[in-house]
There are 2 protein chains.
Amino acid sequence: MSPDSSDPAAGTSNVTRSAGTRRKPGDSLAPEPATGGSGTDGGFDPHVPDIDYGVLDSLIGYAIRRAQIRIYEDFVASLAQWQITPPRFAALVIISRNPKLKLTELAHILGIARSGAVLLVDALQEMNLVARRPAPGDRRAYSLVLTPAGKRTLAAAKQAVIAHDAHVASALTEQEQATLKSLLARLAPPRPA
Amino acid sequence: MSPDSSDPAAGTSNVTRSAGTRRKPGDSLAPEPATGGSGTDGGFDPHVPDIDYGVLDSLIGYAIRRAQIRIYEDFVASLAQWQITPPRFAALVIISRNPKLKLTELAHILGIARSGAVLLVDALQEMNLVARRPAPGDRRAYSLVLTPAGKRTLAAAKQAVIAHDAHVASALTEQEQATLKSLLARLAPPRPA
DNA sequence: TATTGTTATACTCTATAACTATA
DNA sequence: TATAGTTATAGAGTATAACAATA
């Protein structure tokens, strides 16, 4: 599930794994600031001049995809100082609002595999934002909680996210924003399977 | 760039690389149909009962993310028979509508690195949908074109995508769909940098 | 026997850096 | 010197499968 991924933040947060810090093939040479510079520079520009986008321009799915890409970029930029990505932010919020949450439940809520939740929580724990407490009544499980630092960071990040969201929607009136959310919520009804 | 990725389609399209078809650690044992089954089964359910989503529920960015996830799932399911993912579909459309397109231009349009465009075109070429023609006037470059099979497949896939998009937006009236696209287009104005 | 958390492994996607052949 | 395409490599994210401890 969770086709989210949406992670250009890749090279942004090296917190999770320390992996191999090897170098490149030639290495020990000039950094070379990337010649062409296609999609590496500023931000994703959804519309290149003189290009015919065909059906893409008439698809709601494509419009949402483009919006999501730009919003994601802005989000990551806004929270870069804390190394908090969208999934990490979502995890922090969910943990803070739902006491005694277990790892498996978190995975279910976020729509990821349990193994993925382990890595996510590992990262947040290494950042000293989350802690695993023994779950009362079940010695297999943990209760996830925010550390004091986690609470402080979440409070600050939350303000940044709210500001980010306001920026993203700044071209819309209050009512338009409400309309947008309402329309989005009515999209993609679950498949009959 | 291109935080898109959005690829739950991971295990869906093995077309790109034939990689190693190895097995698992223990292997040679019962398949075990995944015990818990968090996000592996049906579709991503954005709202788990009895869970407090806090600020997430008030963010436009989160609403878009959720919509995008569900739409992505439906898209992949709709085009699974051709093994065409969103980026592949976008590439086919762009190539078909813009003659003599070069690989670097495609990369720029899609917002990915040139190296990524190479792999993408490699995959489409292996699927016999796209071909590299010598670019007139520049022996370094190629002109990307659709093969006859590519044209046929794109025509069919396009119908499927249009149907998919209609399904996704089926709960909205024509006017609501227009409103939605209009509002989305006004989101996330480029950053001052 | 089922479930919780964990680990090992594999795979996809994407990025950076360097190389080649042209320009 | 710069550009088009390519390749090698690294890294993030996610998934599946298996395991130990506990239920």
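Chain naming here is simple, since letters A, B, ... match the order of the sequence lines and numbering starts at 1 in each.
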Could you give the distance from CD (Glu176(B)) to CZ (Arg186(A)), rounded to the nearest 0.5 Å? 4.0 Å

Roughly how many Å is it from [atom1] in [X] to [atom2] in [N], rounded to a whole number?
{"X": "Arg114(A)", "N": "dA2(C)", "atom1": "CZ", "atom2": "C1'", "result": "11 Å"}
{"X": "Ile112(A)", "N": "dG5(C)", "atom1": "CD1", "atom2": "P", "result": "13 Å"}
{"X": "Ile69(A)", "N": "dA15(C)", "atom1": "CD1", "atom2": "P", "result": "11 Å"}
{"X": "Leu110(B)", "N": "dA15(C)", "atom1": "CG", "atom2": "C1'", "result": "16 Å"}
{"X": "Asp122(B)", "N": "dC13(C)", "atom1": "CG", "atom2": "P", "result": "12 Å"}
{"X": "Leu120(B)", "N": "dT6(D)", "atom1": "CG", "atom2": "P", "result": "12 Å"}
{"X": "His108(B)", "N": "dA4(D)", "atom1": "NE2", "atom2": "C1'", "result": "15 Å"}
{"X": "Leu119(A)", "N": "dA15(D)", "atom1": "CG", "atom2": "P", "result": "11 Å"}

Answer yes or no: is there a donor N or O on one side and an acceptor on the other, between the side chain of Ser182(A) and the main chain of Ala178(A), under 3.5 Å? no

Sequence neighbours left out, what pairs pass salt bridge (Lys or Arg N to Asp or Glu O under 4.0 Å) with at least one residue falling in residues 150-165 of chain A? none

Enumerate the salt bridge (Lys or Arg N to Asp or Glu O under 4.0 Å) contacts for residues 91-112 of chain A, please, sequence neighbours excluded, ordered by first and then second residue. Arg97(A)-Asp52(B)

Under the 3.5 Å rule, do the base of dT16(C) and the side chain of Ser115(B) count as making a donor-acceptor pair? yes

Give the nucleotide from the list dT16(C), dT16(D), dA4(D) with an atom nearest to the side chain of Ala113(A). dT16(D)

Just to be sure I understand the geometry, which residues of residues 129-142 of chain A put a non-hydrogen atom under 4.0 Å away from DNA chain D? Asp138(A), Arg139(A), Arg140(A)

Test salt bridge (Lys or Arg N to Asp or Glu O under 4.0 Å) on Arg132(B) and Asp122(B); report intermediate values, then the result. CA-CA 10 Å; Arg132(B) 290 167 159 98; Asp122(B) 279 352; 3.1 Å; yes

Which heavy atom of Tyr53(B) sits nearest to which heavy atom of Arg66(B), and what is that distance? CD2-NH1, 4.3 Å

